[in-house]
Amino acid sequence: MTIQHLLYIPTIFLLGLVFGTMINERAQGKMSNAIIDLNGPFRYQTSGKRLLQTFSIFLIVFVITHMFPIPFGSKVVSQLLGGHEIFDKRPVFSSTEVYERINLFSQAGVMAYKRFTYTIDVLFPASFFAFLWTFASFVSERRKISKHIRNVLIGLPFFWFASDLIENAVIFKILDCLPNQSEFLSNYLGLITTLKFGLLAFSIFTPLLLTLFARKNAG
């Protein structure tokens, strides 16, 4: 099981708990919202409907890009690479390891991998970013947290998405320079990938834990 699966698969299941919390809170809050409406209109900037829409888009893109052999998708790229893992699924931490793996790639695999970095590997993270940012906004509007924590919560998805794009750019540059080698970029590729997954984990679990913790306290 790759690092991606360790994050993406549990995320899909755990988010079911969040939506269960949303439905429960909505049912419990009908009376209080009715009272608020008597004093004037009250609406959150980020609605549950918008959250569900972004989650649905993320889930659809996840299934299409990970389950089907679409052009320049991870399955097709993996096949053209002879079954060898791409760098953001199994990171390596030295220039020697990077180029040892690249030497196992076919020319067709390298070309497909380059296209992957600016097509599917941008589309899927973009859909995930849209959901994570909406999720963070949704939680921050409904939890009693400080302004600093709220800014961190909403900012995490931006930092994660930026790190993902930087990783893609580094991989593309390394492949595009072949047969020349870029020692600097290849030595830091594993670190960038690790940072990316760390930011992703914080982007997922910080609002999730805030939601579950608040539900526990309310109970």
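The shown structure was predicted, so the numbers you read here are calculated from the model rather than taken from an experiment.
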Using the rule that Ile, Leu, Val, Met, Phe, Trp and Tyr join whenever any side-chain heavy atoms are under 4.5 Å apart, tell me whether [X] and [Y] fall into a single cluster.
| X | Y | value |
| --- | --- | --- |
| F184 | F93 | no |
| I102 | L104 | no |
| I60 | L123 | yes |
| F159 | I149 | yes |
| Y118 | V110 | no |

State whether the side chain of [X] and the backbone N or O of [Y] hold a donor-acceptor pair below 3.5 Å, judged by distance alone.
| X | Y | result |
| --- | --- | --- |
| T206 | S203 | no |
| R101 | E85 | yes |
| S95 | S182 | no |
| D164 | W160 | no |

Which atom names give the shortest non-hydrogen contact between [X] and [Y], and what distance separates them?
| X | Y | value |
| --- | --- | --- |
| A112 | L80 | CB-CD1, 3.5 Å |
| V76 | I70 | CG2-O, 3.2 Å |
| V98 | L189 | CG2-CD2, 4.3 Å |
| S127 | F124 | OG-O, 2.7 Å |
| P125 | I120 | CD-O, 3.9 Å |

| message | I171 and side chain to side chain contact (heavy atoms under 4.5 Å, CB included): which single residue from D176, T117, I166, I86 fits? | response | T117
| query | Can you tell which of L199, T193, T194 makes a side chain to side chain contact (heavy atoms under 4.5 Å, CB included) with F197? | reply |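 Filter result, single survivor: T193.
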| said: Under a 3.5 Å cutoff, is there a donor and acceptor pairing between the side chains of E97 and S94? | reply: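 Checked: E97/S94 side chains pair up, N/O donor to acceptor below 3.5 Å.
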Distance from [X] atom [atom1] to [Y] atom [atom2], nearest 0.5 Å?
| X | Y | atom1 | atom2 | result |
| --- | --- | --- | --- | --- |
| F138 | F55 | CZ | CZ | 13.5 Å |
| T134 | I154 | OG1 | CD1 | 10.5 Å |
| L132 | F158 | CG | CZ | 11.0 Å |
| F105 | L81 | CZ | CG | 5.0 Å |
| L51 | S56 | CG | OG | 9.0 Å |
| L165 | D121 | CG | CG | 9.0 Å |

| query | Are K196 and L200 close enough that some pair of their side-chain heavy atoms sits under 4.5 Å apart? | reply |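 Not in contact.
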| said: Is the shortest side-chain heavy-atom distance between F131 and L59 below 4.5 Å? | reply: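 No, too far: nothing below the 4.5 Å cut-off.
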| Does atom OH of Y188 have more than 12 heavy-atom neighbours from other groups under 6.0 Å away? | no
| query | Around Y99, counting heavy atoms of other residues, nucleotides and ligands shown, do more than 12 lie under 6.0 Å from its OH? | reply | yes
| field | ring pair (Phe, Tyr, Trp, His ring centres under 6.0 Å) partner of F58, the single match among F128, W133, F135 | value |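 Option passing the ring pair (Phe, Tyr, Trp, His ring centres under 6.0 Å) with F58: F128.
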| message | Check for me whether the distance between the ring centres of Y113 and F172 falls short of 6.0 Å. | response |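 Between Y113 and F172, the centre distance exceeds or equals 6.0 Å.
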